[in-house]
Amino acid sequence: MNPEIEMVTPTAVRLPDVVPDAATLAPDKRPVLSVIVPIFNEEEVIPELHRRITDVLDRIGEPWELVCVNDGSSDRSVSMLTALHEQDARIKVVHFSRNFGHQIAITAGMDYAQGDAVIIIDADLQDPPELIEEMFGKWRAGYEVVYAVRADRRGESRFKLWTASAFYRLLHRITDVEIPLNAGDFRLMDRQVVLTMRRLRENHRFMRGLSSWVGFRQVGIEYQRAERFAGSTKYPLNKMIRLTLDAITSFSYIPLRLSTYFGFFLALFSLLGIVIAVVLRLSGNNVFYGQATTLVVVLFLGGIQLIFLGIIGEYLARIYDDVKARPLYIVAKAYGFADPRDTPLPPAI
Ligand code: UDP
Ligand code: MG
């Protein structure tokens with residue numbers, strides 16, 4: 001081997017927490033449709049969710065699998081999912097060792113899903129499973145990503161609606177990727193898109209952004225977002241803020257550039273101030289006096305600097321997490337996968 005080439009080979013190769021390709025099912029054994037459902041304490045909705053999803057999938061009439069990712073639930077979801085798998089082998093379950101968050105649960109689902117078309121849907125039935133039929137039609141017509149656009153959101157608080165709309169508009173303005181407005185994670189992706197997205201292993205993930213980033217032929221279909229079927233939201237304000245920060249830092253450098261813009265503005269402004277102060281001083285009109293002025297200006301600038309330091313910190317922390325290269329999630333048990341991933345698994349393969 002050429003020694004020069006050897007030298008540039010990276011020493012720390014990131015181990016994917018994805019299963020090696022050899023473990024994927026042969027094409028004739030793969031289902032056509034995979035539905036991924038992230039589940040975090042959803043015991044109230046699981047029976048109805050199961051009924052509605054299997055109804056739709058049976059109606060479509062293609063071989064399917066349902067991949068439930070239990071994101072560290074502490075309620076009866078765990079035993080309910082295991083029972084569903086025992087009844088019907090097409091229902092497969094990945095149990096995380098703890099709560100890793102919604103976006104990571106979706107990621108794991110995409111790592112495990114084997115279908116030619118992969119659908120991501122929330123467990124709470126706010127996304128109507130019946131829409132899968134229409135998505136499937138679009139996929140058959142040649143689209144590789146079919147995302148669902150919320151035309152109307154019922155049963156959500158005014159605060160949630162307002163913050164959601166501000167979130168989508170802000171993201172649209174400042175990101176470099178065309179992320180569709182009012183589209184959540186509810187979408188269908190072709191296997192090729194899923195395989196491409198499996199290669200994106202960043203820690204702080206904004207899946208709908210990544211799904212736009214990869215490109216391919218994409219189309220949106222509108223739907224009415226329903227009320228949560230039962231239970232309460234698993235996205236409290238702090239998780240929403242975290243997701244927003246992940247979305248912005250993943251797809252925009254504008255927050256970092258803001259400090260440059262602000263610096264230029266302030267430098268010009270103070271240059272003007274210096275000239276004015278000198279002129280006034282020379283003409284004998286000394287209007288700049290008192291400690292208060294100095295103190296306020298210094299404190300103001302100190303505040304601004306800390307804010308920008310914090311912004312840099314947000315990016316830095318994400319770089320740090322990616323450099324540590326920990327696995328994105330740890331699987332405690334997996335049921336229903338006809339390959340070495342089946343339970344019991346060593347953590348973090
Ligand atoms: N979820 C998850 N892990 C979490 C939080 C939520 O897997 O840490 C799942 C949850 O079970 C649901 C989906 O993500 O299937 C969306 O959550 P939810 O409906 O509570 O969010 P909202 O619609 O209120 O934004
Ligand atoms: Mg919901």
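Counting starts at 1 for both ligands and their atoms, following the listed order.
Counting the atoms of ligand 1 from 1 in the order shown, those under 4.0 Å from a heavy atom of R225 are 23 (O). Near K239, meaning under 4.0 Å from one of its heavy atoms, ligand 1 places the atoms 4 (C), 5 (C), 8 (O). Near E42, the atoms of ligand 1 lying under 4.0 angstrom from a non-hydrogen atom of the residue are 10 (C), 11 (O), 12 (C), 15 (O). Close contacts of ligand 1 with G101, meaning ligand atoms under 4.0 Å from a residue heavy atom, involve 3 (N), 8 (O). Each of the atoms 7 (O), 11 (O) of ligand 1 lies under 4.0 Å from some heavy atom of I39.
In this structure, K324 is positioned above the aromatic face of Y320, its NZ or CZ under 6.0 Å from the six-membered ring centre and within 45° of the axis. A cation-pi arrangement is not found for R169 relative to F167, the charged atom failing to lie both closer than 6.0 Å to the ring centre and inside a 45° cone about the ring normal.
For the Mg ion (ligand 2), the nearest N, O or S atom contributed by D124 is named OD2.
Distance check for Y235 against the Mg ion (ligand 2): none of its N/O/S atoms falls below 2.8 Å.
A 6.0 Å sphere centred on OH of Y143 holds no more than 12 heavy atoms belonging to other residues, nucleotides or ligands.
The salt bridge (charged side-chain N to carboxylate O under 4.0 Å, His left out) test applied to R318 returns D246, E314, not counting sequence neighbours. For S252, the side chain to side chain donor-acceptor pair (under 3.5 Å) criterion is met by no residue, not counting sequence neighbours.
Checking N99, D185, V69, D71 against atom 3 (N) of ligand 1, the nearest heavy atom belongs to D71.
The minimum heavy-atom distance between R208 and Q103, with the atom names listed, is NH2-NE2, 4.3 Å.
The aromatic rings of Y315 and Y253 sit tilted, their planes meeting at an angle between 30° and 60°.
Below 3.5 Å of separation, one finds an N or O of A123 facing an N or O of ligand 1. Looking at ligand 1, you won't find any N or O of A105 less than 3.5 Å from one of its N or O atoms.
Contacts of M240 with ligand 1, taken as heavy-atom pairs under 4.0 Å, are absent altogether.
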